[in-house]
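Written below as structure tokens is the structure these notes are about.
Position 1 is the first residue of the sequence; numbering continues from there.
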Amino acid sequence: MPFKDQTTSASQTVLTEVEDARGPRPSNQNGILIVIYGHEMGRRVQVGTEPLTIGRSPNCQIPIDQESVSRKHCRIHLENGEFLVRDLGSTNGTYVNDDLVEPQGRLRHGDQLKVGRTILKFIVGDDVEAQYHEEVYRLMTTDGLTQLNNRRYFDEMLDREVARAKRYKRTFSLLVFDIDHFKRVNDRFGHLAGDAILRQLGAILLGRLRVNDVLARIGGEEFALITPEVSLDGATELAGKINRLIGDTRFEFEGSAVKITVSVGAAEWRADYEDAWDLFKAADDKMYEAKRAGRNQVCF
């Protein structure tokens with residue numbers, strides 16, 4: 001069942017600006033939810049003074065037809081000038097910025113609301129239309145689940161680095177890595193756990209990379225990292241650090257520890273390569289070599 005675009009307008013009421021941890025409160029009572037991960041990505045739903053129920057039931061104002069979503073999962077409503085989200089006893093819980101709503105929490109500008117496997121971003125303010133278009137543009141290059149670069153952006157950046165390497169005779173390397181036995185994680189803990197693991201992995205790696213590095217989620221559980229000005233020796237050292245970091249990290253889902261390891265392939269740009277595909281295939285082949293050798297290791 002697709003999302004219904006709520007278009008009912010509400011009268012504007014200017015609120016007193018109150019400082020909180022996220023800054024001043026928006027000066028209106030209308031916002032939007034944007035689907036950044038899940039079915040109909042980019043779809044928006046108007047949020048105003050009338051309560052909105054999200055759930056699997058077609059009678060909900062925002063129906064999401066997924067097994068992991070309860071028939072009446074959660075409700076968004078305006079109370080004392082604040083938008084609140086209340087879990088309605090759902091089976092899998094309602095999350096705001098990966099924090100479980102128990103049973104009610106605030107919904108503020110920029111927050112991510114997770115219902116089942118769908119993620120919606122909440123935007124409220126004086127110019128939600130412009131912010132909506134900015135967010136849709138960002139979705140063209142960003143993976144909504146992990147907030148890493150997506151495959152489209154990765155392909156563009158890889159082509160750019162190849163052109164730069166050919167023109168200026170500079171080197172760079174590529175890492176391709178894949179979570180080992182990820183299907184077992186989904187089979188044992190469920191797809192919600194798998195999504196949570198992917199989000200945690202992305203957050204862990206983002207804080208440990210150089211500004212010019214390009215990290216992307218290029219498939220279900222497959223990632224790639226472009227490292228400008230880095231030779232194969234440097235890339236191999238980095239691949240080992242990534243392998244150890246992920247192996248030593250305690251990944252969790254609903255209080256349960258989930259052991260995660262990765263297999264990493266590394267390759268450096270060579271003058272005899274014709275294009276970006278040659279380099280990607282070299283790194284990807286090395287990644288599969290690491291898997292055949294027993295997983296949880298680096299091949300180069």
Less than 4.0 angstrom from a charged side-chain N to a carboxylate O is my criterion; do [X] and [Y] meet it?
X	Y	answer
D213	R210	yes
K241	E237	yes
E161	R164	yes
D195	R199	no
K121	D111	no

Decide side-chain contact (heavy atoms from CB on, under 4.5 Å) for I119 and Y95; before the verdict, give the C-alpha distance in whole Å, the side-chain angles of both, and the deciding distance to 0.1 Å.
-> CA-CA 9 Å; I119 302 175; Y95 292 81; over 6 Å; no

Where [X] and [Y] come nearest, the two heavy atoms and their spacing:
X	Y	value
A239	V264	CB-CG1, 3.6 Å
Q46	I32	OE1-CG2, 3.7 Å
P228	I226	CD-O, 3.4 Å
F122	R108	CD2-O, 3.4 Å
L205	I242	CD2-CG2, 4.1 Å
D284	V176	OD1-CG1, 3.7 Å

Between the side chain of [X] and the main-chain N/O of [Y], is any donor-acceptor distance below 3.5 Å?
X	Y	answer
S57	N59	yes
N97	D99	no
D159	V162	no
Q297	A293	yes
R217	G219	yes
K114	G116	yes
N149	L215	yes
D180	K291	no

For [X], does the [atom1] atom sit with more than 12 other heavy atoms under 6.0 Å from it, leaving out its own atoms?
X	atom1	answer
F300	CZ	no
R170	CZ	no
E274	CD	no
K166	NZ	yes
E229	CD	yes

Quick check on the hydrophobic clustering: are [X] and [Y] connected, directly or via other members, by side-chain heavy-atom contacts under 4.5 Å?
X	Y	value
Y37	L206	yes
L201	V298	yes
L88	L84	no
Y288	I246	no
F154	L145	no

Atom [atom1] of [X] and atom [atom2] of [Y]: how far apart are they, to the nearest 0.5 Å?
X	Y	atom1	atom2	result
L148	T141	CG	OG1	11.5 Å
N92	H73	CG	NE2	6.5 Å
R56	R71	CZ	CZ	6.0 Å
R160	D155	CZ	CG	13.5 Å
I123	E134	CD1	CD	8.0 Å
H181	T261	NE2	OG1	7.0 Å

With Q104 as reference, evaluate E79, R75, R86 under the side chain to side chain donor-acceptor pair (under 3.5 Å) test and give the passing residue.
-> R86

Tell me, do [X] and [Y] make a side-chain contact under 4.5 Å, heavy atoms counted?
X	Y	value
Q112	I34	no
I76	I54	yes
Y153	V214	yes
L107	V96	yes
E222	I179	no
T118	V35	yes
F280	L174	yes
L209	T227	no

Quick one: do V115 and C74 satisfy side-chain contact (heavy atoms from CB on, under 4.5 Å)? Show the steps, please.
-> CA-CA 8 Å; V115 179; C74 63; 4.0 Å; yes

Using distance alone, with no hydrogens and no angle criterion, decide if [X] and [Y] have a side-chain donor and acceptor under 3.5 Å apart.
X	Y	value
E268	T171	yes
T142	Q147	no
T236	D233	no
H109	Q131	yes
N296	N243	yes

Salt bridge (Lys or Arg N to Asp or Glu O under 4.0 Å) between E289 and K286: does it pass, once the steps are laid out?
-> CA-CA 5 Å; E289 182 179 323; K286 288 298 181 181; 3.4 Å; yes

So, do F253 and F189 have ring centers that fall under 6.0 Å from each other?
-> no

Working for side-chain contact (heavy atoms from CB on, under 4.5 Å), residues L33 and I62 | CA-CA 10 Å; L33 286 166; I62 308 178; 4.0 Å; yes

Parallel, tilted or perpendicular: which describes the rings of W269 and F172, with under 30° parallel and over 60° perpendicular?
->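 Taking F172 first and then W269, their aromatic rings lie parallel (interplane angle under 30°).
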
Check step by step if side-chain contact (heavy atoms from CB on, under 4.5 Å) holds for L139 and I36.
-> CA-CA 7 Å; L139 285 175; I36 64 172; 3.7 Å; yes

